[in-house]
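Scroll down for the structure; my scribbles are underneath it.
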Amino acid sequence: LLVGSTSSDVYARGGLLTEANEVSNSLPVRDMISWTALMTGYAEHDHGNETLKCVEQLQLEGIHLNAATFVCTLKACGSTGAIAKGREMHGELIRMGLESDHLVSSSLVHMYAKCGSLREAQDVFDKLSAKDEVSWNALIAAYAQVGESESVFWMYERMLGEGKKPDLVTFVSVLTACSHAGLVDKGQLCFEALSSDCVSGPTLEHYTCMIDLLGRSGQVDKAVAMVMKMPIHPS
RNA sequence: GGAUCGAUGUUAUAG
């Protein structure tokens, strides 16, 4: 079981989903870890519908999902836009007392955001008893992706106001928002802030945001200079 | 005291 389940996981991670499924099918029993490995593989390689089929099969067999299966199911709902199923899962996981699990709750925020319901994403977020970095980032990133830059800045300020430290992922979203809003100066200030506050930054993503911001605002010369000077391999 | 112990969360760039 251990060898089979692990090799299914390896196939699934690499996107060899047919192989992953075959190996998983050949197992004497499929336990929850094997299910999750397969379902996560589907969810992360654009086969969220297959993840959801697994969920239905589990439900038919009367097997309850656990935190890990909820997480990959919510991801699949998000990537396929299956908001009705997502809401159903939301109700289910509350019944199972899993709403306070950090991985589950940030996945919920992410799911609603990916399904285009920023209202519900914000609502879930606001009601979280413990808001960790990832749930903040999931919501802020969602606003950045749809171009709601004002909401990004508002949430960012709120984060600072609550004494939370923005991390490298937060700054990617804030810089993205600056880029979409054409706020070069604000972007430069952020870039400097993260350069001094975050030990392991800036990353390639931050450079990409800054170069994008400079380029879009017409400062192509500065953008080029930044590409030449950056200490990371430009992609 | 530390590491490890089969599965799960958030991020960028033109077309």
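In what follows, every chain begins at residue 1, and chains take the letters A, B, ... in the order their sequences are listed.
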Distance test, side-chain N/O of A:Arg30 to OP1/OP2 of B:rG6, below 4.0 Å: no
Between P of B:rU8 and NE2 of A:His102, the distance in whole Å: 18 Å
B:rG6 to B:rU10 separation - C1' atoms, rounded to the nearest Å: 25 Å
Other cluster members, A:Leu52 - Ile/Leu/Val/Met/Phe/Trp/Tyr, side-chain contacts below 4.5 Å: none
P-based separation of B:rC5 from B:rG9 [nearest Å]: 15 Å
Listed partners of A:Tyr11 passing ring pair (Phe, Tyr, Trp, His ring centres under 6.0 Å), at least two apart: none
With the criterion being N/O to N/O and under 3.5 Å, what pairs connect the protein with nucleotides 12-15 of chain B, and how long is each?
from, atom 1, to, atom 2, distance (Å)
B:rA12, OP1, A:Gln145, NE2, 2.8
B:rA12, N3, A:Thr208, OG1, 3.3
B:rA14, OP1, A:Arg216, NH2, 2.3

Polar contact flag, side-chain donor to acceptor under 3.5 angstrom, A:Thr80-A:Asn49: no
Check: B:rG9 base within 3.5 Å donor-acceptor of A:Ser135 side chain: no
Touch class at under 4.0 angstrom, heavy-atom based, for A:Ser34 against every strand present: base
Nearest-angstrom distance from the residue atom CD1 of A:Ile33 to P of B:rC5: 12 Å
Residue pair A:Asn66 / A:Thr69, side-chain donor-acceptor N/O under 3.5 Å: yes
Distance-only donor-acceptor test, A:Ser106 side-chain atoms vs B:rG9 base atoms, 3.5 Å: yes
Whole-Å gap separating P (B:rU10) and CD1 (A:Ile140): 15 Å
Whole-Å distance separating the CH2 atom of A:Trp136 from the P atom of B:rU10: 19 Å
Pairing residues for A:Glu148 by the side-chain contact (heavy atoms from CB on, under 4.5 Å) criterion, not counting sequence neighbours: A:Leu118, A:Tyr143, A:Val146, A:Ser151
N/O donor-acceptor pair, side chain A:Asp31 with base B:rG6, under 3.5 angstrom: yes
Nucleic acid contacts of residues 53-81 of chain A, taken as heavy-atom distances under 4.0 Å to RNA chain B: A:Asn66, A:Ala67, A:Ala68, A:Val71, A:Lys75
Short side-chain donor-acceptor distance under 3.5 Å, A:Gln188 and A:Lys222: no
Donor-acceptor pair present, A:Asp132 side chain and B:rG9 base, under 3.5 Å: yes
Residues which pass side-chain contact (heavy atoms from CB on, under 4.5 Å) with A:Val227, listed by chain and number, not counting sequence neighbours: A:Ile211, A:Pro234
For A:Asn25, all residues meeting side-chain contact (heavy atoms from CB on, under 4.5 Å), sequence neighbours excluded: A:Asn21, A:Arg30
Between C1' of B:rA7 and CD of A:Glu44, the distance in whole Å: 11 Å
Nearest-Å distance once atom C1' is located in both B:rU11 and B:rA7: 23 Å
Qualifying residues under side-chain contact (heavy atoms from CB on, under 4.5 Å), relative to A:Val224, sequence neighbours excluded: A:Val220, A:Met228
For atom OH of A:Tyr143 and atom C1' of B:rU10, their distance in whole Å: 15 Å
Pairs where residues 92-101 of chain A contributes a residue and the test salt bridge (Lys or Arg N to Asp or Glu O under 4.0 Å) is met, not counting sequence neighbours: A:Glu92-A:Arg95
Interatomic distance, A:Met39 CE vs B:rA7 P [rounded to whole Å]: 16 Å
Distance, P atom - from B:rU4 to B:rU8, rounded to whole angstrom: 15 Å
Between P of B:rU10 and CG of A:Leu128, the distance in whole Å: 15 Å
